[in-house]
**Q** 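Submitted below is the structure of interest, expressed as structure tokens.
Each chain gets a letter, A, B and so on, in the order its sequence line appears, and its residues count up from 1. Computation of the quantities below employed the complete heavy-atom set of this structure, encompassing side-chain atoms and omitting hydrogens, waters and symmetry-equivalent molecules.
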Amino acid sequence: MSKNITFVQGNEACALGAMYAGLDFYAGYPITPSTEIAETLALTMPAAGKKFIQMEDEISSMCAIIGASLTGNKVMTATSGPGFSLMQEALGYAVMAEIPCVVANVQRGGPSTGNPTHVSQGDVNQARWGTHGDHSIVALSASNHQDVFRMTVEAFNIAETYRTPVILLFDEVIGHMREKLIIPQEEEIPRVARLRTSLKEGVNYHPYLPREDGRLPMSDFGDVHRFNVTGLYHDMWGFPTDKPDVVQELLRHQVDKIENNVHKMTFYKSYFLEDASVVLISYGSSARSALSVVKQRRNRGESIGLLELNTIWPFPAELVRECTQNAELVAVVEMNVGQLTQSVKLAVGSSKRVHLINRVDGQMINDKDIKKILRILQGRGI
Amino acid sequence: MDVKYYLRERFFPHMWCAGCGHGIVLNSLVRAVDLLGLKKRDIVMVSGIGCSSRISGYVDFHSLHTLHGRALAFATGVKLSKPSLNVIVPMGDGDALAIGGNHFIHAARRNINITALVMNNRTYGMTGGQFSPLSGVGTKATTAPYSNIDREFDTVELATGAGATFVARTTVYHVKQLQSLIKKAISHDGFSVLEVLSQCPTYFGRKNRKGSAVDMLNSFKDGTVPVGSKKKQENPELIERGIFVEKQLPEYCDAYAELVERATAK
Ligand SMILES: Cc1ncc(C[n+]2csc(CCOP(=O)(O)OP(=O)(O)O)c2C)c(N)n1
Ligand code: SF4
Ligand SMILES: [Mg+2]
């Protein structure tokens, strides 16, 4: 067997993907079901000369990675539900100060301590709006370990390209399940390096002045350019300001750099959508069951397809609209009370065509669960 | 070097009230850095939120103005990721020991080479004079109108107990000592805590009838004595100034470098 073929947990796939992406610094606090990410990195990072630190809580973990990003490092933390709640304030700081960083949230049942060892997809909207204030965010997901690896690398790429925090929204089933992972070759997945300013010492560097292409070259703490980083609204120098025009411009910049580039950060998979009159939309481990249903029904000749979203935020509304245009029935398969269903309804326009197929008891939604509700939705009885 | 060399004039006028003690800390800090001959590009100031935390913006070093209470957590990321940097963290008493208390004791426990300056004005200045964990029983604050029943921390004892390897205290009245202790705290290889008693005439002073800024400065002169002074034995109310702890223990970034050697050796 080639050494590129491994048999691992999803959490290990995430850690390996992060290392492949060039992770330099990790800070975290243990929590089920994400702990194996930290455990894998505690072993691999020091051996590669990288920094791993277990902090006193998730608040400080999130803060520490932001500090380490500013000295020029690719950084990450990983957590689950309660820890993700604790990270929200500092996550907003990373949005405001435009700090590249990656946050993996392996979802478990909530709210509160909830259902720690069981699966859920209940943090979808917390990922979108968990931190206070107007902002945009990027959140990626995956239903298998090859994609966990790939999306982790893409998370780092997006974080560096857009100077933004990126959330990896996995779930307990994906995190703990074991399956095959083929580690990509060195150059197989492109990796985006930190964009640094080319300005020399003595030339004015503006840390918050976007280039024509919208990107903001960075300068490492310790390098020649000294500037201020703050969570307050700030001007191109990083100086705090409450001037209405500067405030509005910065807010728009932070939102637009994400929302105007939705197509560039949309990752998805489509299965049998060309002629589908029934379209399932799903993500994460639910998408595995949804795909199973689609394959079973296709074998029986039904025109059913699946749109699996790897990019959840920014929501790929245009893609969803296109894929559901000719569908008579759209069903969102997710393990929550309909968190992404809301966005799908808005995208599709007519909410009557859009339905939720879910399970919220800590058990993975399976093909039978989906088929049972589909039968009702299609008027075939129970 | 002229102090202006270390300041960002664009940031001025500063936001502090007339008579605020925090400016004296800024002055002493800049002079200490100058005396140490540190390069501006080798210093990172990391601060939280509060009147005290605004210090970081006024100096022409790398500056990271973060979240209330979290400065030491950000600073830990900065320091561990690039140990060659001098990391200085000015904090308010609320910032350091209320909301940031957990990060404070853990940074001390790790003995990571960061300099923590606790600018203790015994109040939440920025939010308008609420009581802090350093106000003490019997003080008045906007949230303690019937006088405070919360006992206070002793910053020096707390830092010592948590494992800080350099612990000192002074006041903004004692500017020469302040300068010299900042120098020592920065030079110390490990986690150093310097508590600086600073006055907030606007809130703590007014609420507690402490008089003008000058009166408050004089009370620092009269109410404190050098460490180990006999006067303290006669009058336990007096607050000691000076160095309480100064010892060498393995520093966190050094220990991490050794860990990497072990991990890469096999
Ligand atoms: C999470 C959070 N809680 C509360 C606040 C409000 N707040 C800002 S500064 C501050 C207290 C400042 O007091 P201190 O740290 O002693 O600094 P000082 O202003 O006295 O120098 C508070 C409560 C905040 N910014 N963030
Ligand atoms: S409120 Fe108090 S601490 Fe804040 S600037 Fe004024 S005097 Fe200083
Ligand atoms: Mg204070």
**Q** Check this for me: B:Arg151, atom CZ, are more than 12 non-hydrogen atoms of other residues, nucleotides or ligands nearer than 6.0 Å?
**A**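 Result for CZ/B:Arg151: open.
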**Q** Quick check for you: to the nearest 0.5 Å, what is the distance between A:Met55 atom CE and B:His103 atom NE2?
**A** 7.5 Å
**Q** Is the number of heavy atoms from other residues, nucleotides or ligands within 6.0 Å of CG (A:Asp242) greater than 12?
**A**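 Count not over threshold, so no.
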**Q** If you compare all heavy atoms of A:Ile53 against all heavy atoms of B:Arg110, which two are closest, and at what distance to 0.1 Å?
**A**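 Heavy atoms of A:Ile53 and B:Arg110 come nearest at CD1-NE, 4.0 Å.
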**Q** Should we count CD of B:Gln248 as having more than 12 external heavy atoms under 6.0 Å?
**A** yes
**Q** As an exercise, state the distance from CG of B:Leu72 to SG of A:Cys63, rounded to the nearest 0.5 Å.
**A**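 Rounded to the nearest 0.5 Å, the CG-SG separation comes to 10.5 Å.
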**Q** Using a cut-off of under 4.5 Å for heavy-atom pairs, which of B:Thr76, B:Leu80, B:Val260 has the most such pairs with chain A?
**A** B:Leu80
**Q** Closest heavy-atom contact between A:Glu89 and B:Leu67?
**A**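 Residues A:Glu89 and B:Leu67, closest heavy atoms: OE2-CD2, 3.7 Å.
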**Q** Where does the angle between the aromatic ring planes of B:His62 and A:Phe221 fall among parallel (under 30°), tilted (30 to 60°) and perpendicular (over 60°)?
**A** tilted
**Q** Within residues 64-83 of chain A, which residues come under 4.5 Å of chain B, heavy atom to heavy atom?
**A** A:Ala64, A:Ile66, A:Gly67, A:Ala68, A:Leu70, A:Thr71, A:Asn73
**Q** For the aromatic rings, using the six-membered ring if either is Trp, is the centroid distance between A:Tyr93 and B:Phe74 under 6.0 Å?
**A** yes
**Q** Quick check: under 4.5 Å, non-hydrogen atoms only, which of residues 17-30 of chain A neighbour chain B?
**A** A:Phe25
**Q** With only heavy atoms counted, which part of A:Ala90 is less than 4.5 Å from chain B, the side chain, the backbone, both or neither?
**A** both
**Q** Return the option, out of B:Lys39, B:His65, B:Lys40, with the maximum number of heavy-atom pairs under 4.5 Å with chain A.
**A**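 Looking at each option in turn, the highest pair count goes to B:His65.
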**Q** Between B:Ser56, B:Ala73, B:Ser63, who has the most heavy-atom pairs with chain A when the cutoff is under 4.5 Å?
**A** B:Ser63
**Q** Please report the closest heavy-atom contact between B:Pro83 and A:Lys51, naming both atoms and the distance.
**A**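 Here B:Pro83 and A:Lys51 meet closest at CD-NZ, 4.0 Å.
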**Q** So which heavy atom on A:Arg226 is nearest to which on B:Arg8, and how close?
**A**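 Nearest heavy atoms, A:Arg226 then B:Arg8: C-NH2, 3.9 Å.
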**Q** What pair of heavy atoms forms the shortest contact from B:Lys82 to A:Gly222, and how long is it?
**A**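 The answer is NZ-CA, 4.2 Å.
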**Q** Pick from A:Asp57, A:Asp220, A:Thr230: which one has the most heavy-atom pairs with chain B under 4.5 Å?
**A**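 With the most close heavy-atom pairs to chain B, the winner is A:Thr230.
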**Q** Only pairs of heavy atoms separated by less than 4.5 Å count here; which of A:Val229, A:Leu232, A:Ile59, A:Val224 has the most with chain B?
**A** A:Val229
**Q** Ignoring hydrogens, what is the shortest heavy-atom contact between B:Leu259 and A:Pro46? Give both atom names and the distance.
**A** CD2-CB, 3.5 Å
**Q** Less than 4.5 Å to any heavy atom of chain A: does that hold for the side chain of B:Leu85, its backbone, both, or neither?
**A** side chain
